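To keep things clear, I will list the structure first and then write my remarks on it.
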2 protein chains.
Amino acid sequence: MRGARARRRKHAAARPPDVDIGALTCLIGYMLRRAQIAVFQDVFRAFAEVGIRPAQFSVLTVIAHNPGRTQSQVAAALGIKRTNFVALIDSLERRGLAERRPAPSDRRSHALHLTDAGRATVRRLNRMVDRLEAGMIRRIGRNRRGVLLELLARLSER
Amino acid sequence: MRGARARRRKHAAARPPDVDIGALTCLIGYMLRRAQIAVFQDVFRAFAEVGIRPAQFSVLTVIAHNPGRTQSQVAAALGIKRTNFVALIDSLERRGLAERRPAPSDRRSHALHLTDAGRATVRRLNRMVDRLEAGMIRRIGRNRRGVLLELLARLSER
DNA sequence: TATTGTTATACTCTATAACTATA
DNA sequence: TATAGTTATAGAGTATAACAATA
């Protein structure tokens, strides 16, 4: 046992020792960022098969749950600026997943709706999301997702 | 009691009901992103007083803990590409916080070191970070930072 | 031949100002 | 006068290809 450990240490010493990331691993902000990047890489890879980005998925989901809402309303709910939301909706409309309809009460607004293809895509993406979530729950330990989501929600509150 | 609830509901109905963000609040990836953005906004605002960005802080911290390491080593430890690391070090060097020195063993490499001003800046930033962390711990509840960091570390593992 | 630092470049995200048509 | 959608634009962040000096 001792010999094995010493051998391993010798191997480690042969190549330059790892860089110490310092106190960063104890900082919530830094670890939050690293975790978010890691998780999004998985999401990104899975969604690539459908040609959808995480932001587009979040927009499709909100429209699915709130058909008829205006661009400004959906954008605000997701923390996206009206101005940057235009190209997002453009892309979803061009792909035939969502559409802008004239809003009944205000002729300045566009009411957002999903197409049938959009609803089908959301269902497909949701199955992927379920698999990804299952993988993450396996990593952090079953029955600990609730804790994590609660802590993250508290950090998000302004 | 019933009357108060009804009155509140009536008020809510007066203005358009909030957009339902749907199942997104139950997704680890989405909540991770929202929390990261919220926390980084606080960090960004605090660091603005010193004119330092989060990425620059992480570089200064790693150099402080690992003086003499090469650009490639520090960049890799932080998950930053060599090619994007050049401008980062340029900015820190221009501000007199870090410096490139010829590496003793390999004339291709630059050994990174902090200046006295760089060390003083790191100390100042660390005091800010301590205050920010205290605020976050207050939000999520004392004695729960450990859980959060552990869960985030597990999600970051590849 | 491989690696370190570098430049050039492109694409995404995000942020601001200004326009138009409606309200 | 204010708001919804839009355009143009500029700044970060991140990705790839290619080059010179060195190993």
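Every chain is numbered from 1 and lettered A, B, ... according to where its sequence line falls, protein lines coming before strand lines. Since we're looking at a predicted model, the values are computed, not measured.
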*Rounding to a whole Å, what distance do you find between A:Phe85:CZ and D:dG5:P?*
9 Å
*Between C:dG5, D:dG5, C:dT14, which nucleotide has the shortest distance from any of its atoms to the side chain of A:Ser72?*
D:dG5
*Between A:Ile80 (CD1) and D:dA4 (P), how many Å, whole number?*
16 Å
*Using atom CG of A:Leu78 as one end and atom C1' of C:dC13 as the other, report the distance to the nearest whole Å.*
15 Å
*NZ/NE/NH1/NH2 to OD/OE distance under 4.0 Å, A:Arg45 and A:Asp42*: yes
*asked:* According to side-chain hydrogen bond (donor to acceptor under 3.5 Å, both in side chains), does anything in residues 98-109 of chain B pair up with another residue at least two apart or in another chain? List the pairs.
replied: B:Gln71-B:Arg100, B:Asp90-B:Arg100, B:Glu93-B:Arg100, B:Glu99-B:Arg101, B:Asp106-B:Arg108
Show the atom names and distances, to 0.1 Å, of all donor-acceptor pairs under 3.5 Å that link a side chain in residues 29-38 of chain B to residues at least two apart or in another chain.
{"from": "B:Tyr30", "atom 1": "OH", "to": "B:Arg34", "atom 2": "NH1", "distance (Å)": "2.3"}
{"from": "B:Arg34", "atom 1": "NH1", "to": "A:Leu78", "atom 2": "O", "distance (Å)": "3.3"}

*Is a salt bridge present between A:Asp116 and A:Arg119, judged by a nitrogen-to-oxygen distance below 4.0 Å?*
yes
*Please list all pairs passing the ring pair (Phe, Tyr, Trp, His ring centres under 6.0 Å) test where one or both residues lie in residues 84-118 of chain B, with sequence neighbours left out.*
none
*Sequence neighbours excluded, which residues qualify as side chain to side chain donor-acceptor pair (under 3.5 Å) partners of A:Ser91?*
A:Gln56
_Check the phosphate of C:dT6 against B:Gln71, side-chain N and O only, distance under 4.0 Å to OP1 or OP2. Yes or no?_
yes
*asked:* Without decimals, in angstroms, what is the distance between A:Gln73 CD and D:dG5 C1'?
replied: 13 Å
*Could you check A:Asp90 against A:Ile37 and say which one's nearest nucleotide on DNA chain D is further toward the 5' end?*
A:Asp90
_Gap between atoms CD and C1', on A:Gln36 and C:dC13 respectively (whole Å)_ = 12 Å
*Rounded distance (Å) that lies between atom P of D:dT14 and atom CZ of A:Phe40*: 14 Å
*OP1, OP2 of D:dT6 versus side-chain N and O of A:Arg100: anything below 4.0 Å?*
yes
*With sequence neighbours excluded, residues passing ring pair (Phe, Tyr, Trp, His ring centres under 6.0 Å) with A:Phe47*: A:Phe57
*Rounded to whole angstrom units, what separation is found between the CG atom of B:Leu112 and the P atom of C:dT4?*
13 Å
*For nucleotides 15-23 of chain D, read 5' to 3', which letter fits each nucleotide if B means a protein heavy atom sits under 4.0 Å from the base, S means only the sugar-phosphate is that close, and - means neither?*
BBB---BBS
*Rounded distance (Å) that lies between atom P of C:dA21 and atom NE2 of A:His110*: 12 Å
